[in-house]
2 protein chains.
Amino acid sequence: MAANRRPTLADVAREVGVSAKTVSRVLNEDGPASAQTREQVLAAVAKLGFQPNLMARNIRVGGPDTTVGLVIPDLANPFFGAVARSIEDTVGDRGLTLLMGSSADDPDRERALTDKFLARRISILMVVPSVGADHSHLKTHRAAGLPVVFLDRPGSGLSTDNVVSSNRAGAHDGVAHLIAHGHRRIGFVGDLPVKLYTRRERLAGYRAALQEADIPYDRSLVTSAHDRDGASAATAQLLGLADPPTALFAGNNIVALGIVTELARSKRRDVAVVAFDDVALAEALEPALTVVAQDAEEIGRTAATTALARLDGDRSRARTITVPTRLIVRGSGERPAPVLQGA
Amino acid sequence: MAANRRPTLADVAREVGVSAKTVSRVLNEDGPASAQTREQVLAAVAKLGFQPNLMARNIRVGGPDTTVGLVIPDLANPFFGAVARSIEDTVGDRGLTLLMGSSADDPDRERALTDKFLARRISILMVVPSVGADHSHLKTHRAAGLPVVFLDRPGSGLSTDNVVSSNRAGAHDGVAHLIAHGHRRIGFVGDLPVKLYTRRERLAGYRAALQEADIPYDRSLVTSAHDRDGASAATAQLLGLADPPTALFAGNNIVALGIVTELARSKRRDVAVVAFDDVALAEALEPALTVVAQDAEEIGRTAATTALARLDGDRSRARTITVPTRLIVRGSGERPAPVLQGA
DNA sequence: CTGAAAGCGCTAACAC
DNA sequence: GTGTTAGCGCTTTCAG
């Protein structure tokens with residue numbers, strides 16, 4: 001009773017008294033069909049509650065499945081959520097559905113997920129690559145016509161399209177903003193691991209801004225955190241230094257949460273902050289949080305349109321597309337550094 | 001060149017000089033196989049980069065696809081992101097993958113998505129139902145053994161498992177907290193549409209708390225918003241009333257963002273706020289935001305375990321499981337109402 | 001231990 | 001307009 005077989009094309013055909021192919025024709029608006037049969041078929045479909053088996057269809061047609069495989073580090077991170085939504089919006093117009101999974105930035109989980117996706121014969125593969133993951137195994141699939149796009153960070157071991165933010169320039173602008181407001185001791189709280197592309201790029205932007213202003217690079221001002229609590233701890237540690245920073249740069253949205261939380265907890269309103277990536281309540285903080293906003297929507301859209309173009313036969317060289325960030329000044333970076341004794 | 005056919009079981013078999021079935025046996029650890037052939041097969045698989053076609057397998061086995069179809073209103077909403085992650089964690093242990101889509105709370109989009117999912121022969125269907133959606137068409141699939149679970153709101157037209165938050169009790173507790181701190185004029189900014197289950201339940205909790213305290217229900221204090229900006233506008237409108245509220249209750253996380261943003265913008269620190277559902281920087285606001293936190297993780301886990309039990313043959317009656325909310329007092333609700341003239 | 005044949009649900013190619 | 005045949009890639013069934 002529970003294992004009630006689902007109706008098939010043949011069942012519908014039998015019900016109407018036509019051949020399976022005729023039913024197929026009606027449903028796919030393929031060949032011609034008399035209004036008469038058309039109606040009967042549709043009626044039978046409704047009556048039996050028939051729904052075509054997409055897997056069977058795909059296998060026969062030989063083409064890929066109408067799905068996009070998407071691997072992101074964390075489904076609950078709003079930045080990746082926004083990217084995913086944008087991708088869905090873009091590929092949805094082509095009738096593609098999202099097959100999603102989170103890697104937790106673990107290369108093994110990433111590999112397991114992509115393998116599963118590939119076994120499903122996805123039409124497009126999009127991955128936010130984990131540190132340490134190698135993607136040379138995707139070469140075969142690329143050669144077989146599978147569009148592969150790496151998001152947020154470039155993939156490794158495979159020459160293909162990448163869509164990333166202007167990490168270096170963005171971080172530079174954020175730090176330069178702090179410098180312009182008089183800060184010379186600026187702490188950097190980056191994401192982890194230290195080999196992470198975004199971390200390295202943003203740190204490079206930080207260093208570039210310091211150099212431009214002839215501020216020596218001080219390693220003791222550079223820390224890291226993997227999560228929110230870690231960022232809070234890193235903040236407390238930086239502020240506890242003998243010669244503490246007067247401003248902090250947050251390496252990503254999660255780190256920003258940790259920094260801001262810690263500053264609120266310790267009532268340190270004298271520390272300036274600029275964060276890479278926008279966060280939900282940035283405007284409502286006091287002072288409102290100045291950020292280097294990433295354009296999640298544009299990242300998703302660009303990745304999707306690039307992949308769709310590949311699907312349509314674009315054989316041009318692999319590109320790395322950089323989506324601009326935008327400095328949104330809201331106040332938290334403008335606090336002048338406290339006047340020093342000797343000044 | 002680009003349309004390089006992917007290797008099939010038969011290709012591997014040919015390479016080794018055995019039959020397709022033998023390869024299948026080795027790969028699925030089905031029947032016996034000599035160490036000799038085993039090794040050869042594995043070598044050929046690696047050499048050709050063969051990956052079994054899951055669609056073909058599923059079609060033959062007849063069983064459902066190893067996917068969970070999940071429809072949520074918005075991929076970018078952190079609450080639903082957290083629910084999705086929890087679902088993924090739970091069903092992942094069983095080897096199931098997430099097929100996701102966002103409905104934008106539009107019943108037609110919801111229907112289109114579920115139909116697509118069903119055509120893929122998903123193992124489990126999970127839906128955050130849109131207002132106005134009818135689910136009686138799912139009866140057939142339920143009868144065929146498909147577990148269906150509605151999340152966040154109950155489905156309609158179909159008796160099946162639902163997992164919801166303790167909306168009414170939670171809202172009651174949040175509003176009671178405000179009342180306990182002296183507030184008698186409390187604005188309610190709910191989500192939309194007004195027929196939305198969560199909106200109705202939370203409003204009921206609000207009314208219950210008022211009634212308990214013998215505070216008359218004032219319709220003019222009840223507004224709604226669909227998004228963040230709408231919530232800001234509703235806030236401004238409420239505060240502009242002749243006899244304005246001294247406290248506001250936010251009907252969900254998005255509304256909370258709008259309220260808090262508007263209060264910050266207008267520098268109204270004298271208005272108390274309690275929000276339904278936690279938001280990222282709640283602790284860092286001044287005052288820190290008191291919330292009725294939903295347990296997204298538990299909602300996802302409960303939904304997933306319930307569905308998996310159904311998949312394993314649980315035929316017990318459909319249940320509606322209520323996941324408790326928790327009042328997290330952080331300060332924003334405690335501000336005493338301004339002293340009134342006549343007091 | 002291994003293979004041959006049949007068939008899952010559907011559609012391409014060709015008939016009529 | 002419609003039906004027939006064959007076959008997608010895989011596994012089941014039954015032989016050896």
Side-chain angles (χ1 to χ4, degrees), chain A residues 3-42 44-45 48-66 116 118-123 141 144-145, chain B residues 3-42 44-45 48-66 116 118-122 141 144:
Chain A
N4 232 332
R5 205 176 52 80
R6 260 182 260 265
T8 85
L9 248 202
D11 293 329
V12 178
R14 200 170 310 118
E15 176 85 11
V16 183
V18 295
S19 82
K21 179 63 200 176
T22 301
V23 178
S24 166
R25 268 196 272 259
V26 172
L27 292 171
N28 297 313
E29 299 182 334
D30 198 17
S34 77
Q36 164 92 352
T37 33
R38 171 179 207 71
E39 204 132 325
Q40 288 179 310
V41 165
L42 260 27
V45 164
L48 299 181
F50 168 77
Q51 270 184 313
N53 186 328
L54 248 191
M55 294 192 292
R57 174 176 216 285
N58 281 328
I59 211 187
R60 176 65 253 237
V61 174
D65 191 13
T66 54
K116 260 191 196 168
L118 293 168
R120 289 218 139 63
R121 301 300 188 258
I122 49 175
S123 288
H141 299 91
Chain B
N4 230 331
R5 206 175 52 80
R6 259 183 261 265
T8 85
L9 248 201
D11 294 328
V12 178
R14 202 171 308 117
E15 177 85 13
V16 183
V18 294
S19 82
K21 178 61 205 177
T22 301
V23 179
S24 166
R25 267 196 273 260
V26 172
L27 263 43
N28 297 313
E29 299 183 335
D30 200 16
S34 77
Q36 163 92 353
T37 32
R38 173 180 206 69
E39 207 132 321
Q40 289 179 311
V41 166
L42 260 28
V45 164
L48 299 182
F50 169 76
Q51 270 182 314
N53 185 327
L54 248 188
M55 294 193 293
R57 175 176 217 286
N58 279 329
I59 210 184
R60 177 66 251 235
V61 175
D65 191 13
T66 56
K116 260 192 196 168
L118 293 168
R120 288 217 144 65
R121 301 300 188 256
I122 50 175
H141 298 90

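These values consider heavy atoms only, across backbone and side chains, with no hydrogens, waters or symmetry-generated copies. Proteins get letters first, then strands, A, B, ... in listed order; numbering begins at 1 in each.
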Comparing A/Val61 and B/Ala56 on DNA chain C - which has the more 5′ nearest nucleotide: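 In this pair, the answer is B/Ala56.
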For [X] and [Y], work out which heavy atoms get closest and say how close.
X: A/Thr66; Y: A/Ser123; value: CA-OG, 4.0 Å
X: B/Ala144; Y: A/Arg6; value: CB-NH1, 4.2 Å
X: B/Leu42; Y: B/Val26; value: CD1-CG1, 3.7 Å
X: B/Glu15; Y: B/Ala44; value: CG-CB, 3.8 Å
X: B/Thr8; Y: B/Asp11; value: N-OD2, 2.8 Å

Derivation and outcome, side-chain contact (heavy atoms from CB on, under 4.5 Å), residues A/Val45 and A/Leu27: CA-CA 9 Å; A/Val45 164; A/Leu27 292 171; 4.2 Å; yes
Figure out the [atom1]/[atom2] separation between [X] and [N], and round it to whole Å.
X: B/Arg57; N: C/dG9; atom1: CZ; atom2: C1'; result: 17 Å
X: A/Asn58; N: C/dC10; atom1: CG; atom2: P; result: 12 Å
X: A/Gln36; N: D/dT2; atom1: CD; atom2: P; result: 9 Å
X: B/Ile59; N: C/dA6; atom1: CD1; atom2: C1'; result: 15 Å
X: B/Met55; N: D/dC10; atom1: CE; atom2: P; result: 10 Å
X: A/Leu9; N: C/dT11; atom1: CG; atom2: C1'; result: 9 Å
X: B/Arg120; N: C/dG9; atom1: CZ; atom2: C1'; result: 15 Å

Axis deviation across the helix from C/dC1-D/dG16 to C/dC16-D/dG1, five-pair ends, to the nearest 10°: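 Taking five pairs per end, the axes differ by 40°.
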Contact residues, residues 19-33 of chain B to DNA chain C [heavy atom, < 4.0 Å]: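 Within residues 19-33 of chain B, the residues near DNA chain C are B/Ser19, B/Lys21, B/Thr22, B/Arg25, B/Pro32, B/Ala33.
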Separation of B/Arg120 CZ from B/Lys116 NZ (nearest 0.5 Å):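 The CZ atom of B/Arg120 is 7.5 Å from NZ of B/Lys116, to the nearest 0.5 Å.
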Name each donor-acceptor pair under 3.5 Å that joins a side chain in residues 50-60 of chain A to protein atoms two or more places apart or in another chain, with its distance.
{"unit_1": "A/Gln51", "atom_1": "OE1", "unit_2": "B/His141", "atom_2": "NE2", "d": "2.8"}
{"unit_1": "A/Gln51", "atom_1": "NE2", "unit_2": "B/Asp115", "atom_2": "OD1", "d": "3.2"}
{"unit_1": "A/Asn53", "atom_1": "OD1", "unit_2": "A/Met55", "atom_2": "N", "d": "2.9"}
{"unit_1": "A/Asn53", "atom_1": "OD1", "unit_2": "A/Ala56", "atom_2": "N", "d": "3.2"}
{"unit_1": "A/Asn58", "atom_1": "ND2", "unit_2": "A/Leu54", "atom_2": "O", "d": "3.3"}
{"unit_1": "A/Asn58", "atom_1": "ND2", "unit_2": "A/Asp65", "atom_2": "OD1", "d": "2.6"}

Evaluation steps, side-chain contact (heavy atoms from CB on, under 4.5 Å), between A/Ser24 and A/Asp30: CA-CA 8 Å; A/Ser24 166; A/Asp30 198 17; 5.8 Å; no
Closest nucleotide among D/dC10, C/dT2, C/dT11 to the B/Thr37 side chain: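 The nucleotide sitting nearest to the side chain is C/dT2.
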Side-chain-base donor-acceptor pair under 3.5 Å for B/Arg60 and D/dG9: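 Result: no qualifying N/O pair found.
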Phosphate OP1/OP2 of D/dC8: any B/Thr8 side-chain N/O under 4.0 Å: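 No, no such contact exists.
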